[in-house]
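Have a look at this one.
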Amino acid sequence: MKIVLASDHGGFELLREIASQLDDLGIDYDNIGCDCETSVDYPDYGIPAAEKVANGSYDRGILICGTGIGMSIAANKVKGIRAALVHDVYTARVTREHNDSNILVMGARVIGVDLAKEIVKTWLAGEFQGGRHANRIGKVAAYEEK
Ligand code: RB5
């Protein structure tokens, strides 16, 4: 599995922690920025990252901003993206099982490093259950085609 990482300035520090977690787990990733805590605009990083997942260059993405909301809004504008804003371990698991989320979004000003790492571990391990959930995702995809 190859993962694309991106953040704005609000998520920069937490994303570094997540990158180091992925190093420890031996998971392949690229971090496409931002590369410092100077103020930047989350769509400039979130949308390109989402496009890389949507076009198949990466299997999944992890995006972080201050609240996670801006990155979620931006990523979910990209066709084929199911970005899940997650701040608890239960949702991390269920969004993989039910929504087949292909991008995980977190807010660095909302949760701490240890919880974020637990969420990442759970989300990476979660498996889509298909069945009725595939039908529901299909309805969203059909709407995207309108
Ligand atoms: C940046 O200050 C902040 O607005 C951004 O990181 C994010 O929380 C937006 O939704």
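Just follow the structure's listing: the first ligand is 1, and inside any ligand the first atom is 1.
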Ile103 backbone acceptor or donor facing Ser101 side chain under 3.5 Å |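 Flag not set: sc Ser101 to bb Ile103 has no pair under 3.5 Å.
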Within-shell test, Arg109 vs ligand 1, heavy atom, strictly < 4.0 Å |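 Right, Arg109 reaches ligand 1.
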Atom of Tyr45, atom of Ile32 and distance for their closest heavy-atom approach | CD2-O, 3.6 Å
Give the residue, atom name and distance (to 0.1 Å) of the protein heavy atom nearest atom 9 (C) of ligand 1.
->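 Looking at atom 9 (C) of ligand 1, the protein heavy atom closest to it is Tyr42 CE2, 3.6 Å.
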Ion pair check, Lys52 and Asp30, cut-off under 4.0 Å | no
Do the charged groups of Arg96 and Glu127 touch, with an N to O distance under 4.0 Å?
-> no
Heavy-atom protein neighbour under 4.0 angstrom from atom 2 (O) of ligand 1 = yes
Provide, to 0.1 Å, the distance between atom 5 (C) of ligand 1 and the closest protein heavy atom, together with that atom's residue and name.
-> Asp8 OD2, 3.2 Å
When you look for heavy atoms under 4.0 Å from ligand 1, do you find them on the side chain of His9, its backbone, both, or neither?
-> side chain
With a cut-off of 4.0 Å, which atoms of ligand 1 are near a heavy atom of Gly66?
->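 So the answer, numbered in order with elements, is 5 (C), 6 (O), 7 (C), 8 (O).
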Closest non-hydrogen atom pair between Val78 and Ala50, with its separation =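 So the two residues come closest at CG2-CB, 3.7 Å.
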Heavy-atom nearest pair, Leu85 first then Gly107, reads CD1-N, 4.5 Å
If you scan protein heavy atoms around atom 10 (O) of ligand 1, the nearest is Gly70 N, 2.8 Å
Ligand 1 contact on Thr67 by region, counting heavy-atom pairs under 4.0 Å = both
